[in-house]
S.K.: 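The structure under discussion is supplied below as structure tokens; questions concerning it will follow.
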2 protein chains.
Amino acid sequence: MSMLSPIPVREIGLKHLRQACSSCSLRELCLPLGLSPDEMHAVDALVSQGKPIKRGEALYRAGEPFRSLFAVRLGFFKTSVVSEDGREQVTGFHMTGDLIGMDAVSTDFHTCDSIALEDSEVCELPFADMEELARKIPSLQHHFYKVMSREIVRDHGVMLLLGNMKAEERIAAFLLNLSQRFALRGYSSSSFHLRMTREEIGSYLGLKLETVSRTLSKFQDQGFIKVQNRLIELIDQDALRHLVSNCPG
Amino acid sequence: MSMLSPIPVREIGLKHLRQACSSCSLRELCLPLGLSPDEMHAVDALVSQGKPIKRGEALYRAGEPFRSLFAVRLGFFKTSVVSEDGREQVTGFHMTGDLIGMDAVSTDFHTCDSIALEDSEVCELPFADMEELARKIPSLQHHFYKVMSREIVRDHGVMLLLGNMKAEERIAAFLLNLSQRFALRGYSSSSFHLRMTREEIGSYLGLKLETVSRTLSKFQDQGFIKVQNRLIELIDQDALRHLVSNCPG
DNA sequence: GCGAGCTGTTGAGCCAGATCAAGGCAAAAC
DNA sequence: GTTTTGCCTTGATCTGGCTCAACAGCTCGC
């Protein structure tokens with residue numbers, strides 16, 4: 001809760017705080033623009049809202065059968081894959097409005113774990129039903145193609161980061177990316193709370209937690225940011241941007 | 001041409017060696033199984049076959065408007081993204097039967113370059129038309145979701161490799177992956193020709209070309225493989241597999 | 001057939017980031 | 001309110017892969 005919160009709560013059932021996509025302020029993040037009232041209603045009928053996930057709990061785990069995509073309504077998730085020999089790679093951090101689970105379409109089983117990093121709430125989009133509905137609503141069909149494509153593009157960006165960038169550049173890029181995503185959701189872009197540990201940041205960026213810690217301290221010494229545990233304040237975003245795009249030497 | 005070649009050539013037009021998906025031996029790689037003859041015919045009507053791309057030429061480049069996905073019919077491609085400051089990251093190598101260009105759906109512009117590493121041929125799948133057809137053919141709609149999802153899973157695998165593995169493990173994984181993909185297409189899994197330079201391998205794996213070269217030499221010294229320029233022979237696949245899954249220490 | 005580039009190999013030395021180690025702090029548990 | 005536990009920071013040292021450099025072998029154009 002805070003700047004983003006204004007999701008009007010409308011009670012429909014007893015068990016659920018059931019709440020329609022049509023009245024959700026995150027609509028434009030999860031769904032295509034320009035749905036007619038009828039179409040919107042059809043979507044509402046399929047999506048179940050407001051499933052709570054406690055901090056530390058898994059929304060799903062690798063190997064579980066796939067049924068639904070999930071939209072993060074509130075909170076923060078990490079997704080990660082684990083190799084046979086037990087090494088974890090965080091593949092993404094996901095916040096309000098993000099759609100997750102697309103990797104599971106390929107095999108009908110989830111291929112990664114999705115863990116809540118704070119108390120969260122998700123909406124469930126049964127994929128088979130959505131696919132059927134998408135056949136009647138071209139923009140919905142296209143939307144899902146787009147969402148998956150966007151994930152591919154994002155992954156390519158991470159590959160670029162992991163394959164080419166130095167520790168400082170990675171961290172700077174990471175902070176700027178978070179900042180931008182918070183801004184897009186109406187939160188402050190210059191001051192935010194990290195939901196993940198240094199180790200999780202490191203796993204995502206291909207670094208050890210000590211390197212993450214040291215680099216943040218260094219940025220603080222240089223006056224680029226202020227770090228206080230998980231509270232980050234960006235003081236000089238331009239300096240960070242400069243680091244990301246000018247480092248190659 | 002060689003073991004995979006038996007695509008019967010059937011002339012339809014004068015300009016094109018037009019050839020139907022319905023009679024293409026790669027069908028099961030590009031298209032869903034179980035299409036009816038009518039459905040197959042509808043697909044044939046949309047897909048234009050046999051566009052040749054010379055070695056070194058671009059199939060498309062980042063920034064170009066998106067119109068179609070492409071199926072590699074013959075040959076070998078690399079795709080790569082370039083950062084603002086000019087660093088290249090190879091995001092994938094693509095061979096016969098692979099579908100490429102999915103990243104472009106998100107913005108309607110291509111986000112990466114696709115370069116032929118040998119003389120190649122592609123089929124063009126106009127995406128808007130395919131989407132429309134997919135509304136009438138559920139399995140086709142699902143197929144494209146699956147293909148994109150598979151790309152996401154693959155990318156997560158690369159992220160794991162780039163984030164966690166050592167040089168030797170990366171190279172071993174790379175060789176095994178190529179081997180497996182050649183096998184799937186009816187080529188030898190133990191002896192193949194690399195279509196890419198050491199530098200391109202390095203870019204894909206987040207290593208410098210010297211490291212790639214050294215590691216291949218080392219594997220040869222250890223008797224795991226035989227290297228003769230771009231010709232690779234896998235002598236002891238188990239040793240390579242062992243490297244990939246047992247290295248963490 | 002011959003020279004000019006690419007492409008690949010190998011060596012020597014160096015450095016960014018990993019590893020190992022020791023504490024400190026803050027929130028949760030008891 | 002104290003202990004526990006997990007998370008973070010910082011220092012010292014080590015090393016895998018990078019950098020720089022020299023050269024060898026192919027391939028392609030002429």
Side-chain angles (χ1 to χ4, degrees), chain A residues 54-56 78 87-90 115 117-119 161-175 193-222 225-232 243 247-249, chain B residues 54-57 76 78 87-90 115 117-119 161-175 193-222 225-232 243 247-249:
Chain A
K54 277 250 158 60
R55 183 190 134 105
K78 71 167 176 180
R87 282 174 283 190
E88 183 192 38
Q89 171 73 31
V90 171
I115 310 286
L117 296 183
E118 62 183 12
D119 292 355
L161 178 145
L162 291 172
N164 283 289
M165 293 188 174
K166 307 230 262 273
E168 290 188 18
E169 305 176 69
R170 294 182 199 196
I171 304 269
F174 173 71
L175 293 174
H193 182 82
L194 298 176
R195 270 73 170 183
M196 69 295 281
T197 66
R198 303 288 190 261
E199 185 167 20
E200 286 161 338
I201 296 173
S203 169
Y204 182 58
L205 299 178
L207 302 169
K208 292 293 152 188
L209 69 94
E210 294 94 329
T211 305
V212 174
S213 181
R214 270 186 248 276
T215 307
L216 289 175
S217 299
K218 185 171 175 195
F219 283 174
Q220 177 163 245
D221 293 348
Q222 293 175 310
I225 66 175
K226 237 178 135 264
V227 191
Q228 196 180 341
N229 249 320
R230 297 202 183 176
L231 192 68
I232 299 283
L243 263 183
C247 253
Chain B
K54 278 251 157 60
R55 182 190 134 106
E57 280 180 9
F76 210 90
K78 71 167 175 180
R87 282 175 282 191
E88 183 191 38
Q89 172 72 32
V90 171
I115 310 287
L117 297 182
E118 61 181 14
D119 292 355
L161 179 144
L162 291 172
N164 283 288
M165 293 187 173
K166 306 230 262 272
E168 289 188 16
E169 305 175 71
R170 295 182 198 196
I171 304 269
F174 173 71
L175 292 175
H193 181 82
L194 298 176
R195 269 73 171 185
M196 70 295 281
T197 65
R198 302 289 190 261
E199 184 167 21
E200 286 161 338
I201 297 173
S203 169
Y204 183 57
L205 299 177
L207 301 169
K208 291 293 152 187
L209 68 93
E210 294 95 327
T211 306
V212 173
S213 181
R214 271 186 248 276
T215 306
L216 289 175
S217 299
K218 185 171 175 195
F219 284 173
Q220 177 163 247
D221 292 348
Q222 293 174 311
I225 66 176
K226 235 178 136 261
V227 191
Q228 197 181 340
N229 247 320
R230 299 202 182 175
L231 192 68
I232 299 283
L243 262 183
C247 255

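The figures here come from the full heavy-atom set of this structure, side chains too, leaving out hydrogens, waters and symmetry mates.
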S.K.: Would you confirm whether B/E199, through its side chain, and B/K208, through its main-chain N or O, come within 3.5 Å as a donor-acceptor pair?
M.R.: no
S.K.: So, applying side-chain contact (heavy atoms from CB on, under 4.5 Å) with B/I171, which one of B/L216, B/T211, B/L243 is it?
M.R.: B/L216
S.K.: Just the rounded figure in Å: distance from P of C/dA18 to CZ of A/R87.
M.R.: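 Nearest whole value for this atom pair: 14 Å.
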S.K.: Please name the pair of heavy atoms, one in B/R195 and one in B/E118, separated by the smallest distance, quoted to 0.1 Å.
M.R.: NE-OE1, 3.0 Å
S.K.: For the pair made of NZ in A/K226 and P in D/dC8, what is the distance, rounded to whole Å?
M.R.: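 It works out to 17 Å between those atoms.
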S.K.: In whole angstrom, what separates A/E199's CD from C/dT19's C1'?
M.R.: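 The answer, rounded to whole Å, is 14 Å.
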S.K.: In this structure, how many angstroms lie between the C1' atom of C/dT9 and the CZ atom of B/R230, rounded?
M.R.: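 These atoms are roughly 14 Å apart.
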S.K.: Would you say that more than 12 heavy atoms from the other residues, nucleotides or ligands in this model lie under 6.0 Å from the CZ of A/R55, or not?
M.R.: no
S.K.: When rounded to the nearest 0.5 angstrom, what distance separates CG in A/N229 from NE2 in A/H193?
M.R.: 8.5 Å
S.K.: Please report the distance, rounded to the nearest Å, between CZ in B/F219 and P in C/dG8.
M.R.: 17 Å
S.K.: Atom CD of A/E118 and atom C1' of C/dA28: how far apart are they, to the nearest Å?
M.R.: 18 Å
S.K.: Return a single string for nucleotides 15-30 of chain D, one symbol per nucleotide in 5' to 3' order, where B is base contact, S is sugar-phosphate-only contact and - is none, cutoff 4.0 angstrom on heavy atoms.
M.R.: --SSBB----------
S.K.: Once rounded to the nearest 0.5 Å, what's the spacing between atom NZ of B/K218 and atom CD of B/E168?
M.R.: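 So the NZ of B/K218 and the CD of B/E168 are separated by 3.5 Å.
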S.K.: Hey, is the side chain of B/S213 poking within less than 4.0 Å of OP1 or OP2 on C/dT10, counting only N and O atoms?
M.R.: no
S.K.: Distance check needed: C/dC25 P versus A/L231 CG, whole Å only.
M.R.: 18 Å
S.K.: Tell me the interatomic distance from A/K218, atom NZ, to C/dA16, atom C1', rounded to whole angstroms.
M.R.: 10 Å
